[in-house]
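Residues take their numbers from the sequence shown, with the count starting at 1.
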Amino acid sequence: EFRPGQYMIFHIPDAPRTIRRSYSISTPPSDSGHFEVCVRSVAGGYGSNYIHRLRPGDKLQVEGPYGDFVLDEDCDRDIVMIATGTGVAPIKSMLMHLLDRQSRRRVRLFFGLRHESDLFYTDLFRGLAAHYPAFEYWITLSQPDPERWAGHRGRVTSLVEEHVSAKDAKNTEVDMCGSRPMIESCSELLGGRGFAADRLHHERFY
């Protein structure tokens, strides 16, 4: 049992020292028979290489769930979700849970990546938008190939600046997950537009 947004700690064996890595659960609590994580492969990374080598039937040690970056289910305010890279994992869990609950809250997701090769979950978000009328999403690439990418370009902060206004501050919660610079930039931007500090929730990945 877990709340959307929480993470598990994976124990990484065969490392020079005891290593534990935290990975957010990307699936909703309704998937009670299993959980998924979203892990970017990092050259020389003990945790990511271990995860990417796992095969069906392998046994591993995890602990949790942990974390206070969770969906506020008692709130009926609109939600702005901002993510970069694999920081979208807990956001995906929240989105899927809202869909399971047939929530009518308006949800806007702003998702930033670097290159076309970094894209993932695009089909999922397209499907969610088709089945969840109150859900909208934008994806932007900060370093795209102009000949291969016709979508939004630039940092995710620019999308937020364009689509989230001061009038949203009164009735909107913000959930952010990803890089420290992104969270700091978006927090400063939204704070300047009247968003109270207790409406800005975040989890730093790196």
Side-chain angles (χ1 to χ4, degrees), residues 4-5 7 23-28 31 36-42 48 52 69-71 77-100 103-165 168-169 172-190 193 195 199-206:
Y7 63 89
Y23 298 116
S24 290
I25 301 172
S26 64
T27 39
D31 288 349
E36 297 175 9
V37 295
C38 177
V39 182
R40 180 173 64 94
S41 179
V42 179
S48 67
H52 280 263
F69 178 67
V70 295
L71 180 67
R77 286 188 284 266
D78 295 340
I79 309 174
V80 164
M81 295 178 169
I82 310 168
T84 51
T86 53
V88 78
I91 298 297
K92 174 177 174 278
S93 178
M94 295 177 182
L95 280 173
M96 299 297 290
H97 183 68
L98 287 167
L99 183 60
D100 285 343
S103 171
R104 296 183 179 180
R105 299 168 68 179
R106 182 189 184 196
V107 181
R108 287 174 287 172
L109 168 64
F110 302 93
F111 185 25
L113 297 158
R114 290 182 180 175
H115 311 288
E116 294 84 356
S117 59
D118 297 327
L119 289 165
F120 61 103
Y121 289 161
T122 52
D123 290 340
L124 170 70
F125 293 144
R126 188 179 301 114
L128 286 177
H131 290 90
Y132 187 30
F135 172 57
E136 302 172 87
Y137 73 98
W138 293 260
I139 297 176
T140 186
L141 300 183
S142 61
Q143 301 174 32
D145 180 342
E147 296 183 359
R148 298 175 56 197
W149 177 251
H152 297 284
R153 302 176 188 178
R155 297 190 178 278
V156 73
T157 310
S158 298
L159 276 180
V160 176
E161 184 175 17
E162 179 181 354
H163 292 281
V164 183
S165 66
D168 294 312
T172 304
E173 297 281 324
V174 180
D175 293 309
M176 299 176 280
C177 190
S179 66
R180 181 186 296 270
M182 179 276 286
I183 290 172
E184 292 177 348
S185 295
C186 287
S187 296
E188 181 178 359
L189 168 66
L190 295 172
R193 294 193 171 178
F195 282 78
R199 297 282 184 88
L200 304 176
H201 317 290
H202 68 264
E203 183 88 283
R204 290 194 180 100
F205 262 37
Y206 47 90

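In this structure, Ser187 and Phe195 have side chains that are not in contact, with every pair of non-hydrogen atoms separated by 4.5 Å or more. When side chains are defined from C-beta on, Lys92 counts as touching Thr27, because their heavy atoms get closer than 4.5 Å. When side chains are defined from C-beta on, Met176 does not count as touching Val160, because their heavy atoms never get closer than 4.5 Å. Inter-residue side-chain proximity for Leu128 and Met96 is flagged as met; some heavy-atom pair is nearer than 4.5 Å.
If you take CD1 on Ile79 and CG on Leu98, they are separated by 5.0 Å, rounding to the nearest 0.5 Å. To the nearest 0.5 Å, the span separating CD1 on Ile82 from CZ on Phe111 amounts to 13.0 Å. For the atom pair Arg180 CZ and Ser185 OG, the distance stands at 12.0 Å (nearest 0.5 Å). Here the CH2-CG distance, from Trp149 to Leu141, works out to 4.5 Å after rounding to the nearest 0.5 Å. Atom-to-atom distance recorded for Thr157:OG1 and Ile183:CD1 is 10.5 Å, nearest 0.5 angstrom. Summarising the geometry, atom OG belonging to Ser26 is positioned 12.5 Å from atom CE belonging to Met94; distances are rounded to the nearest 0.5 Å.
The two residues His131 and Gly127 make their nearest non-hydrogen contact at ND1-O, 2.9 Å. Contact record, Asp123 with Arg126: OD1-NH1, 2.6 Å, taken as the closest heavy-atom pair. Residue Ile91 comes nearest to Ala83 through the heavy atom pair CG1-CB, 4.2 Å, listed as atom of the first residue, atom of the second, then distance. The shortest heavy-atom contact between Thr122 and Tyr137 is O-OH, 4.2 Å. In this structure, Ser24 and Tyr7 approach most closely via the heavy-atom pair CA-CB, 3.6 Å. Contact detail for Cys177 and Gly87: the closest heavy-atom pair is CB-O, 3.2 Å.
Between the side chain of Glu116 and the main chain of Asp145, a donor-acceptor pair closer than 3.5 Å is present. A donor-acceptor pair under 3.5 Å is formed between the side chain of Arg199 and the backbone N or O of Ala169. Looking at Thr140, its side chain does come within 3.5 Å of a backbone N or O of Gly154 through a donor-acceptor pair. Although no hydrogens or angles enter the test, the distance criterion places a donor-acceptor pair under 3.5 Å between the side chain of Asp168 and the main chain of Ser165. In this structure, Arg108 contributes its side chain and His163 its backbone to a donor-acceptor pair below 3.5 Å. His97 places no side-chain N or O within donor-acceptor distance of the main-chain N or O of Gly5, the cut-off being under 3.5 Å. A donor-acceptor pair is defined here as one N or O able to donate and one able to accept, closer than 3.5 Å; such a pair exists between the side chain of Thr84 and the backbone of Ser179. No donor-acceptor distance shorter than 3.5 angstrom exists from the side chain of Arg40 to the backbone of Gly85, with no hydrogens or angles considered.
Between Tyr121 and Phe125, the angle of the ring planes goes over 60°, which puts this pair in the perpendicular group of the 30/60° scheme. Ring geometry, Trp138 versus Phe110: the interplanar angle falls under 30°, so the pair is classed parallel (tilted spans 30 to 60°).
The number of heavy-atom neighbours closer than 6.0 Å to CD of Gln143, taken from other residues, nucleotides and ligands shown, is above 12. Heavy atoms from other residues, nucleotides or ligands lying under 6.0 Å from CZ of Arg155 number 12 at most. Environment of CZ in Arg153: crowded, with over 12 heavy atoms of neighbouring residues, nucleotides or ligands closer than 6.0 Å.
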Hey, mind stepping through Thr172 and Arg77 against side-chain contact (heavy atoms from CB on, under 4.5 Å) and telling me if it holds? CA-CA 5 Å; Thr172 304; Arg77 286 188 284 266; 5.9 Å; no
Could you walk me through whether Phe120 and Leu113 satisfy the side-chain contact (heavy atoms from CB on, under 4.5 Å) test, starting with their C-alpha distance in whole Å, then the side-chain angles of each, then the deciding distance to 0.1 Å, before giving a yes or no? CA-CA 9 Å; Phe120 61 103; Leu113 297 158; 4.0 Å; yes
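Listed by chain and number, the residues in a side-chain contact (heavy atoms from CB on, under 4.5 Å) with Ser117 are His115 (sequence neighbours excluded).
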